Amino acid sequence: MEKCKVSVNICGNDYVLSGDKSEEKIKEIAKYVDEELRHTSKVLNSNPNFKCAVLTAINLAERLMDNSDLLLKIQTENHQLDNDVKHYVALWEDAKLEVTDLKAKLSEGIENRVEESDKYQALLAKCKEMENSYFDLQMENVNLNNEIRNLKRFRGENE
């Protein structure tokens with residue numbers, strides 16, 4: 001990127017500044033420095049001078065360092081949040097897999113229940129069939145007993 005040269009006025013003195021920033025940004029920076037120098041000279045109740053420039057530089061350096069500390073803190077928190085997000089995404093993925101497994105097991109369980117229900121219905125039908133056969137056998141037994149009694153009576157009368 002080409003260096004940008006800009007004429008600015010700071011505390012009544014003209015300067016030509018150059019940098020990689022846009023003309024607007026360089027002017028904004030110069031204006032900020034001008035305001036800070038004027039504020040410091042107002043607090044010291046003197047005209048802007050070397051002492052004001054040094055104190056302004058110290059104030060700006062303090063803000064810069066505070067902002068650097070804040071930036072570091074925010075970056076650390078951001079890193080922790082990134083790790084937390086990765087952790088929760090992993091938990092989410094695990095939960096999705098578990099839900100998929102549970103759905104498959106539920107589907108399998110439903111299929112098994114249907115199969116077992118069909119087997120149960122078949123066994124019930126067999127039981128009814130066996131009850132009917134048992135009833136038929138009882139009836140046949142009664143009939144045979146009646147026949148035996150009749151035969152015994154018939155023999156007893158004929159003898």
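Values below: every heavy atom of this structure, side chains too, minus hydrogens, waters and symmetry copies. Source: prediction; values computed, not measured.
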Exercise. Heavy-atom distance under 4.5 Å between the side chains of Arg155 and Leu151, does that happen here?
Worked result: no
Exercise. Got a sec, which residues hit salt bridge (charged side-chain N to carboxylate O under 4.0 Å, His left out) with Glu93, two or more places apart in sequence or on another chain?
Worked result: Lys96
Problem set entry | Shortest non-hydrogen separation from Cys11 to Asp34 and the atoms involved | N-OD1, 2.5 Å
For this session: If a pair satisfies side-chain hydrogen bond (donor to acceptor under 3.5 Å, both in side chains) and one of its residues is in residues 10-19, list it, with sequence neighbours excluded.
Result: Asn9-Asp14
Show which side-chain atoms of residues 59-77 pair as donor or acceptor with protein atoms under 3.5 Å away, not counting sequence neighbours.
| residue | atom | partner | partner atom | Å |
| --- | --- | --- | --- | --- |
| Asn59 | ND2 | Leu55 | O | 3.4 |
| Arg63 | NH1 | Tyr32 | OH | 2.5 |
| Arg63 | NH1 | Glu36 | OE1 | 3.1 |
| Arg63 | NH1 | Glu36 | OE2 | 3.1 |
| Arg63 | NH2 | Glu36 | OE1 | 2.8 |
| Asn67 | ND2 | Arg63 | O | 3.4 |
| Ser68 | OG | Leu64 | O | 3.0 |
| Thr76 | OG1 | Leu72 | O | 2.8 |

Seminar exercise, completed: Residues passing the side chain to side chain donor-acceptor pair (under 3.5 Å) test with Asp101, sequence neighbours excluded, are none
For this session: With the side chain counted from C-beta on, respond yes when Lys21 and Cys4 share a heavy-atom pair under 4.5 Å apart, and no when they do not.
Result: no
Problem set entry | Lys27: partners by salt bridge (charged side-chain N to carboxylate O under 4.0 Å, His left out), with sequence neighbours left out | Glu23
Problem set entry | Residue list, side chain to side chain donor-acceptor pair (under 3.5 Å) with Glu28, at least two apart or on another chain | none
Exercise. When clusters are formed from ILVMFWY side-chain contacts under 4.5 Å, directly or step by step, what else is grouped with Leu137?
Worked result: none
For this session: Return the set of residues passing side-chain contact (heavy atoms from CB on, under 4.5 Å) with Phe135 (not counting sequence neighbours), or none when no residue passes.
Result: Gln138, Met139
Exercise. Among all residues two or more places apart in sequence or in another chain, which pass the side chain to side chain donor-acceptor pair (under 3.5 Å) test with Ser41?
Worked result: none
For this session: Output the distance between atom CG (Leu37) and atom CG (Asn47), rounded to the nearest 0.5 Å.
Result: 12.0 Å
For this session: May I have all residue pairs that pass side-chain hydrogen bond (donor to acceptor under 3.5 Å, both in side chains) and include part of residues 82-92, sequence neighbours excluded?
Result: His79-Asn83, Gln80-Asp84
Return a table of donor-acceptor pairs under 3.5 angstrom between the side chains of residues 105-129 and protein atoms on other chains or two or more places apart.
none

For this session: Give a yes or no on whether Ile58 and Phe50 share a hydrophobic cluster (residues Ile, Leu, Val, Met, Phe, Trp, Tyr; joining criterion: side-chain heavy atoms under 4.5 Å apart).
Result: yes
Exercise. Who pairs with Asp94 by side chain to side chain donor-acceptor pair (under 3.5 Å), at least two apart in sequence or on another chain?
Worked result: none
